[in-house]
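Following: one structure in structure tokens, then a few remarks.
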Amino acid sequence: MTNLQIILCNCPDEQIAEQIARQLLSAQLAACINILPGVRSIYRWQGQIETAVEVTLLIKAPAAQFDAISQTICRLHPYTVPEIIAVPVNQGFLPYLNWVNEECLPNE
């Protein structure tokens with residue numbers, strides 16, 4: 001088990017996704033964020049079945065950063081209830097895991 005997580009967040013378009021990604025990286029809350037365009041979502045919202053083409057963020061960060069990441073996403077995201085789901089990283093290539101942790105340390 002590691003102290004890292006991958007946070008999933010769907011955005012309405014690439015502009016919002018990139019804005020969120022750049023803010024999280026600038027604040028050193030995450031080390032790497034993948035932007036996956038063209039995700040087709042089908043979901044229930046306010047009693048109706050909806051469909052949307054969205055952009056998924058895969059945010060790699062220490063678990064301790066979840067609250068700050070969540071707050072940043074909520075501040076920048078246009079959805080009333082944005083998807084923010086953390087999945088723990090159980091194993092990984094140690095040099096990569098170390099790099100994620102190092103990139104999320106404040107500059108001294």
Side-chain angles (χ1 to χ4, degrees):
M1 188 67 132
T2 73
N3 70 328
L4 300 180
Q5 61 190 353
I6 297 173
I7 297 173
L8 307 168
C9 177
N10 281 346
C11 299
D13 57 45
E14 288 190 43
Q15 181 181 355
I16 296 293
E18 187 165 334
Q19 179 184 14
I20 291 170
R22 289 187 178 281
Q23 182 65 41
L24 294 174
L25 292 167
S26 293
Q28 292 183 278
L29 296 175
C32 176
I33 301 172
N34 301 110
I35 299 176
L36 308 174
V39 173
R40 185 167 175 239
S41 296
I42 302 174
Y43 55 94
R44 289 185 54 83
W45 179 251
Q46 298 179 339
Q48 301 293 316
I49 296 177
E50 304 283 343
T51 61
V53 175
E54 297 180 300
V55 176
T56 298
L57 296 176
L58 299 179
I59 303 162
K60 276 76 84 169
Q65 302 288 36
F66 180 81
D67 288 339
I69 290 169
S70 182
Q71 290 170 10
T72 301
I73 290 170
C74 287
R75 182 171 43 83
L76 299 172
H77 206 292
Y79 291 174
T80 305
V81 182
E83 174 184 10
I84 306 171
I85 298 173
V87 179
V89 174
N90 292 323
Q91 294 183 30
F93 182 54
L94 189 57
Y96 180 82
L97 301 178
N98 290 337
W99 171 78
V100 171
N101 278 310
E102 290 167 9
E103 288 302 314
C104 295
L105 294 174
N107 287 330
E108 300 176 45

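Just so it is clear, the structure is predicted and the values come from calculations on it, not from any experiment. Residue numbers run from 1 in the order of the sequence given.
Here the closest non-hydrogen pair linking Arg40 and Thr51 is NH2-CG2, 4.5 Å. Contact between Pro78 and Ile16 at its shortest, heavy atoms only, is CD-CG2, 3.8 Å.
Contact check for Gln19 versus Cys11: no side-chain heavy atoms found under the 4.5 Å cut-off. With contacts defined as side-chain heavy-atom distances shorter than 4.5 Å, the pair Ile7/Leu57 does not qualify. Put simply, the side chain of Asn90 does not reach to within 4.5 Å of the side chain of Thr2, judged on heavy atoms. The side-chain heavy atoms of Ile73 and Gln71, taken from C-beta on, include no pair separated by under 4.5 Å. With contacts defined as side-chain heavy-atom distances shorter than 4.5 Å, the pair Cys9/Thr56 does not qualify. Side-chain contact between Pro12 and Glu54: absent, with no pair of heavy atoms (C-beta onward) separated by less than 4.5 Å. Annotation: side chain of Asn10 is not in contact with side chain of Val55 (no heavy-atom distance under 4.5 Å). Two residues are said to be in side-chain contact when any heavy atoms from C-beta on lie closer than 4.5 Å; Cys32 and Tyr96 meet this criterion.
With values rounded to the nearest 0.5 angstrom, Asp67 atom CG is found 9.5 Å from Gln65 atom CD. Going from atom CH2 of Trp45 over to atom OG1 of Thr80 covers 5.0 Å, rounded to the nearest 0.5 Å. Rounded to the nearest 0.5 angstrom, Ile20 CD1 and Cys74 SG are separated by 9.0 Å. Distance check, rounded to the nearest 0.5 Å: CD of Gln28 to CD of Glu103 gives 7.5 Å.
In this structure, Ser26 contributes its side chain and Arg22 its backbone to a donor-acceptor pair below 3.5 Å. A distance-only check finds a donor-acceptor pair linking the side chain of Gln5 to the backbone of Pro62 [under 3.5 Å].
Surrounding CZ of Arg75 are more than 12 heavy atoms belonging to other residues, nucleotides or ligands, all under 6.0 Å away. By the 6.0 Å contact criterion, CD on Gln91 is open, its count of non-hydrogen atoms from other residues, nucleotides or ligands being 12 or less. Around atom CG of Leu94, more than 12 heavy atoms belonging to other residues, nucleotides or ligands sit under 6.0 Å away.
Cluster annotation: Leu58 is not connected to Ile33 through the hydrophobic network of ILVMFWY side chains, with a link wherever side-chain heavy atoms come within less than 4.5 Å. In terms of hydrophobic clustering, with Ile, Leu, Val, Met, Phe, Trp and Tyr side chains grouped at heavy-atom distances under 4.5 Å, Ile35 and Leu29 are assigned to a common cluster. By the criterion of side-chain heavy atoms lying less than 4.5 angstrom apart, applied directly or through intervening Ile, Leu, Val, Met, Phe, Trp or Tyr residues, Phe93 is grouped together with Val87 in one hydrophobic cluster. Note on Ile59 and Leu97: separate hydrophobic clusters, where clusters join Ile, Leu, Val, Met, Phe, Trp and Tyr whose side-chain heavy atoms are under 4.5 Å apart, directly or indirectly. Transitive grouping of hydrophobic side chains (ILVMFWY, heavy atoms separated by less than 4.5 Å) keeps Val53 and Leu36 in distinct clusters.
Between the side chains of Thr72 and Gln23, no donor-acceptor pair is found at a separation under 3.5 Å.
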**Request:** Could you please spell out the steps behind the side chain to side chain donor-acceptor pair (under 3.5 Å) verdict for Glu83 and Tyr43?
**Result:** CA-CA 12 Å; Glu83 174 184 10; Tyr43 55 94; over 6 Å; no
